[in-house]
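Residue numbers count from 1 along this sequence.
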Amino acid sequence: MKQAILITAYKDTSSVYELVKVFGEDFNFYVHFDKKSQLDVTSLKSITNLTIINSYKVNWGGTNHFFAILDLCKAALENKDNVFFHLITAEDFPIKSLSDFWQLDIGKNYLDYTEFPYYGWDSSGGFDRINYYRFFDLFNAKKKNGARILNFLLNLQKKIGLKRKSLNFDKLYGGSTYWSLNRESLEKVFSVLDYKMLRRLRYTFCAEEFVFQSIIMNSALKHTVVNNNLRYIDWQSKRGGDPAFLDETDFDNLKNCDKLFARKILKTDKNQLLIALKSHIGYTE
């Protein structure tokens, strides 16, 4: 019996190697490297419990990110030894000991969710993500011209009255991309995601933030969901990014919280938070 760590990465390979070292052989690893990054992954290929995928070029907000996550899930489900699955990024790091991971109730699913409309996202309550064609895979929203084009296309669709067909859910739910789920819930997701559904989800915005929630919360498994994805994320300080990069000033909060992972941490040898966390979780080089 093993747990699977599913990782999306694009900056480097050393951050992935660091995670593999910390978690060890009782975990299996599945990493998708953004095809745009063209990273040399040769140094990772000898790791027997690591599977490398680089199916998609990923833009922020695009559905290719969602499809990359699905590829990670598919690969991890193929190994019947995997009973529990954690989706993280290469910039994340565990803040609990490995024994704490094995004390989790794997009959539960740890997933942030809020029923639509969710005005914490935008004035549409999240529906603009789904009701219109969002071409984030074609235009980079992180670039000035890309953002302008994307906004123009959204407003044009609204102006001419174009609206896509509704998704076939009794209720829509959204939340964080990152979760810790058991095998039954992931298999349920794939039982719903047929060709027709996947085609409909193409050119939505951040599908990974509502598909898992909507499928699971509209199923009999909703009673197994804990509305806590077990990630410590700082959306407030904007320190170095959004969400913020955590540093040594966050250590006490991390040490005392009920989360499994911290997001995000720079993986450098001199990062004092990383050094403190390794000691806290009992990891030695």
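Smallest separation of non-hydrogen atoms from Ile7 and Ala90: CG2-N, 3.5 Å. The shortest heavy-atom contact between Leu221 and Ser185 is CD1-CA, 3.6 Å. A pairwise comparison of heavy atoms in Ser219 and Lys188 identifies CB-CE, 3.7 Å as the closest pair. Contact detail for Val225 and Leu111: the closest heavy-atom pair is CG1-O, 3.9 Å.
Ion pairing between a basic and an acidic side chain is recognised when a charged N comes within 4.0 Å of a carboxylate O; Glu25 and Lys2 show no such pairing. Taking a cutoff of 4.0 Å between a charged side-chain nitrogen and a carboxylate oxygen, Asp128 and Lys163 do not qualify as a salt bridge. Salt-bridge formation is not detected for the pair Asp92/Arg231: no Lys NZ or Arg NE/NH1/NH2 atom is positioned less than 4.0 Å from an Asp or Glu carboxylate oxygen. Taking a cutoff of 4.0 Å between a charged side-chain nitrogen and a carboxylate oxygen, Glu187 and Arg183 qualify as a salt bridge.
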Exercise for review: Check the pair Phe27 / Trp102 against ring pair (Phe, Tyr, Trp, His ring centres under 6.0 Å), numbers first and verdict last.
Suggested key: CA-CA 11 Å; Phe27 294 77; Trp102 289 107; 5.7 Å; yes

>> Under the criterion side-chain contact (heavy atoms from CB on, under 4.5 Å), I'd like the reasoning laid out for Leu44 against Tyr17: C-alpha separation, chi angles, the key distance, then a yes or no.
In response: CA-CA 7 Å; Leu44 299 176; Tyr17 183 68; 4.0 Å; yes

**Study point:** Step-by-step side-chain contact (heavy atoms from CB on, under 4.5 Å) determination, Thr204 to Arg134
**Key:** CA-CA 5 Å; Thr204 54; Arg134 311 300 301 274; 5.6 Å; no

Before you tell me yes or no, could you show the steps for Asn131 and Arg164 under side-chain contact (heavy atoms from CB on, under 4.5 Å), namely the whole-Å CA-CA distance, both residues' side-chain angles and the distance that decides it to 0.1 Å? CA-CA 5 Å; Asn131 290 340; Arg164 302 180 72 179; 5.6 Å; no

Can you list the steps and then say if Phe85 with Asn182 is a side-chain contact (heavy atoms from CB on, under 4.5 Å)? CA-CA 6 Å; Phe85 307 79; Asn182 61 30; 5.8 Å; no

| message | Apply ring pair (Phe, Tyr, Trp, His ring centres under 6.0 Å) to residues Trp179 and Tyr113 and explain how you reach the verdict. | response | CA-CA 10 Å; Trp179 38 251; Tyr113 67 88; over 10 Å; no

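Under the 4.5 Å side-chain criterion, counting only non-hydrogen atoms from C-beta, Phe23 is in contact with Phe29. Leu277 is not listed as a side-chain neighbour of Tyr283, based on a closest heavy-atom distance of 4.5 Å or more. Residues Tyr10 and Val58 form no side-chain contact, since every pair of their non-hydrogen atoms from C-beta on lies 4.5 Å or further apart. Using a 4.5 Å heavy-atom threshold, the side chains of Phe190 and Lys74 count as touching.
Residues Lys259 and Asn229 have side chains that never bring a donor and an acceptor to within less than 3.5 angstrom of each other. For the 3.5 Å distance criterion, the side chains of His32 and Thr8 fail to qualify, holding no donor opposite an acceptor. Neither side chain, Asn28 nor Asn49, offers a donor N or O lying under 3.5 Å from an acceptor on the other.
Within a 6.0 Å sphere centred on NZ of Lys264, other residues, nucleotides and ligands contribute more than 12 heavy atoms. Other residues, nucleotides and ligands place more than 12 heavy atoms under 6.0 Å from the CG atom of Asp194. Within a 6.0 Å sphere centred on NZ of Lys57, heavy atoms belonging to other residues, nucleotides or ligands number 12 at most. More than 12 heavy atoms of other residues, nucleotides or ligands sit less than 6.0 Å from atom CD of Gln157. Summarising the local packing, CZ of Phe152 is surrounded by 12 or fewer heavy atoms from other residues, nucleotides or ligands at distances under 6.0 Å. The environment of CG in Asp105 is crowded: more than 12 heavy-atom neighbours from other residues, nucleotides or ligands sit within 6.0 Å.
Shown here are the side-chain contact (heavy atoms from CB on, under 4.5 Å) partners of Asn140, two or more places apart in sequence or in another chain: Asn59, Lys142, Lys143. Qualifying side-chain contact (heavy atoms from CB on, under 4.5 Å) partners for Ser123, counting only residues two or more places apart in sequence or in other chains: none.
Residue pairs meeting the salt bridge (Lys or Arg N to Asp or Glu O under 4.0 Å) criterion with at least one partner in residues 36-55, sequence neighbours excluded, are Asp34-Lys36.
Not less than 6.0 angstrom separates the ring centroid of Trp121 from the ring centroid of Phe210. For His86 and Phe84, the ring centers are positioned less than 6.0 Å apart.
With Phe245 as the fixed residue, the side chain to side chain contact (heavy atoms under 4.5 Å, CB included) test singles out one of Ile265, Asp234, Asp250, Leu266: Leu266. Test Phe93, Phe101, Tyr110 against Phe261 for ring pair (Phe, Tyr, Trp, His ring centres under 6.0 Å) and you get one pass: Phe101. Checking each of Trp60, Phe135, Phe127, Phe66 against Phe205 for a ring pair (Phe, Tyr, Trp, His ring centres under 6.0 Å) leaves exactly one that passes, namely Trp60.
A donor-acceptor pair is defined here as one N or O able to donate and one able to accept, closer than 3.5 Å; such a pair exists between the side chain of Asn151 and the backbone of Ala147.
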